[in-house]
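Reviewing the structure listed below.
As the structure is a prediction and not an experimental result, all values here were calculated from the model.
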Amino acid sequence: MTDFLERRAIISGIGQSKIGRRLGRSAVDLTVEAGLAAIADAGLTRDDIDGLATYPGGGMGGEAFAGPTSPEVQDAMRLKLNWHDGGGEGPGQIRAVFAACLAVAAGLARHVLVYRTVTESTAQGSGGRQGIGGAVSGGGRIPRFSGSFQWMLPFGAVSAANWLALVATRRMHEFGLRRDQLAWIALNGRANAARNPIAVYRDPMTLDDYMAVRMVTTPLCLYDCDAPCDGSTAVVVSHADYAPDAPNPACHVNAIGTALRGRPSWDQFDDMTTMAARDAAASMWKRTDLRPADVDTAQLYDGFSIITMVWLEELGFCGKGESGAFVDGGRSIALDGPLALNTSGGQLSAGRLHGFGLLHEACVQLRGQGGERQIPRQPEVAVVANGGGPIAGSMLLTRGAG
Amino acid sequence: MSEAASASDPETTTGTALGRGPAIRVLPRLDGANRFFWTSGAQGVLRFLRCERCRRYVHPPAPLCPYCEDGQGRLEPEAVSGRGRLHSFTVNYQQWIPDDGPYVVGLVTIDEQDDVRLMTNIVDCAAAELEAEMPVEVTFEQHEDVWLPLFRPAGGRAGAAAGEPAGGSR
Ligand SMILES: [Zn+2]
């Protein structure tokens, strides 16, 4: 098999800041807390870190969404870097991890600190979630939009909730998906969150609760939308030859999925029932001998529940259009089921750490450090997927050098 | 199949009064590339760029035809029928603007070419009547120098008020 360079990378360290609603702390403060935790977890010191990467940084979508820039974090931690990277365009939030893997494989850096930080809960305050375009009702002149937003915002399609609701309605039309099936993504997340002491929402949720809660944008209800929170997740991506020296079991990168072959657009993508997950997943499976049946745990993006359904199908855990039946009743995706899904509670219940919380949890489970929520049969292979709509990236991780 | 989309959702069957769109319209910034599209409603027609050579419609506007291999297919705005099919839809209840009422966001495929879609609002249609693949037709709503293409059920279904004044009624 071709020498796929991402295999030269491992995740040697993981760390998180305090996570919660309205912590009122700055993004750089949370990032340094997570970063120091990840570096110590990797058995390293700040002097060992010679690479830094983030998604997105640079103010994209507002500071509370973007997190601190990489120069800000470099300076706060006084890092001396051989390689650095930040940006919002690429195969999902996890693109920063992909970039770090390739940097260590290329010898540009040996230990790369990668972080994703959000302070959306504090920024949101007591008001509701905002749409793109922000507080247009705040008086004064309403700004006009160019680029892709001009095709959506005039019609009040101001949030990914609206855009992904179109995916959900189309899936109902083509595949007969029902709300009481979709519900199991939220219900599974909540059941797992009850075992996760730092999850944002841990109260039990029933199917009746789900069916009765208010609609956000049909067919997506409140419990189909993730829970904004404050927090930072950091990982250390190291060269695989560091694995024997790492104090915790190394999580080996087996393959990454980066393709985007359909039109990169929320409205013009050729297949509205899959969008970019189709291409990212297909490209990942071309880079490995592992098959979907080898995967023990799936940490799949759940910014909105419907995205998780798409990933389940496109990654090959069930047939196209069959995710409704697959998740129905929750047994196939439960902690003790054949494909333990979003075992921390996911973004729906543990909090919207924007993709990196799922990556962190994959590592926790592969290491066997899940505590009360550890998958009973020690997982050997995990898949992580980030993004939805026209943005998607996926990654296979193994316990041991697979 | 599409009944599953609405029948499983009690809120879309209660006949909640739907607005024609958000209470405040965020508008596009007009420029040389998009002005023809956003002002075409002044003549009561919908226009898209079309390649003079391969005859395909191209949307959003592009500098040259992306389908002609040599990149030399010239694009000119051309009127279409204004008819299409509702590829998907959502009834938005979230109050992105305080106290805003529910409205329908639709994704419409034009009849002339099945890979050209518009995000829009579906108007003059009760929530319970919404159905994927239903035929729809364009109607325009003017805001300042922009004519937003909205869509309603084709062929004047009940509830499609004829002679509804065009223009920002909200
Ligand atoms: Zn052409």
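Proximity of B:Leu30 to A:Arg144: side-chain heavy atoms (C-beta onward) are separated by under 4.5 Å at one or more points. Annotation: side chain of A:Leu166 is in contact with side chain of B:Met119 (closest heavy-atom distance under 4.5 Å). No side-chain heavy atom of A:His173 sits under 4.5 Å from any side-chain heavy atom of B:His87. The shortest side-chain heavy-atom distance between A:Phe155 and B:Pro149 falls under the 4.5 Å cut-off. Using a 4.5 Å heavy-atom threshold, the side chains of A:Asp270 and B:Asp115 count as separate.
For A:Arg171, no part lies near chain B; criterion is any non-hydrogen pair under 4.5 Å. With a 4.5 Å cut-off on non-hydrogen atoms, A:Phe149 does not touch chain B at all.
Between chain A and the residues B:Thr120, B:Asp114, B:Leu148, the most heavy-atom pairs under 4.5 angstrom are made by B:Thr120. For the set B:Asp31, B:Leu150, B:Asp145, B:Val146, the count of heavy-atom pairs under 4.5 angstrom toward chain A peaks at B:Asp145.
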Could you go through B:Leu107 and A:Met272, starting from their C-alpha distance and side-chain angles, then the distance that decides it, and tell me whether this counts as side chain to side chain contact (heavy atoms under 4.5 Å, CB included)?
CA-CA 10 Å; B:Leu107 186 63; A:Met272 283 297 290; 3.6 Å; yes
For B:Arg29 and A:Gln150, what are the C-alpha separation, side-chain angles and deciding distance, and is it a side chain to side chain contact (heavy atoms under 4.5 Å, CB included)?
CA-CA 8 Å; B:Arg29 182 181 297 128; A:Gln150 72 178 296; over 6 Å; no
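Counted within 6.0 Å of CZ on B:Arg55, heavy atoms from surrounding residues, nucleotides or ligands total more than 12; the atom is thus considered enclosed. B:Gln95 CD: more than 12 foreign heavy atoms inside a 6.0 Å radius.
Ring geometry, B:Trp38 versus A:Trp151: the interplanar angle falls under 30°, so the pair is classed parallel (tilted spans 30 to 60°).
A distance-only check finds a donor-acceptor pair linking the side chain of B:Tyr103 to the backbone of A:Gly156 [under 3.5 Å]. At least one donor-acceptor pair under 3.5 Å links the side chain of B:Arg117 to the backbone N or O of A:Asp267.
Taken from OG in A:Ser146 to CG in B:Asn34, the straight-line distance is 7.0 Å, to the nearest 0.5 Å. With values rounded to the nearest 0.5 angstrom, B:Leu130 atom CG is found 8.0 Å from A:Thr218 atom OG1. Atom CG of B:Leu118 and atom CE of A:Met152 lie 12.5 Å apart (nearest 0.5 Å).
Side-chain contact, A:Thr217 with B:Thr90: a donor N or O sits under 3.5 Å from an acceptor N or O.
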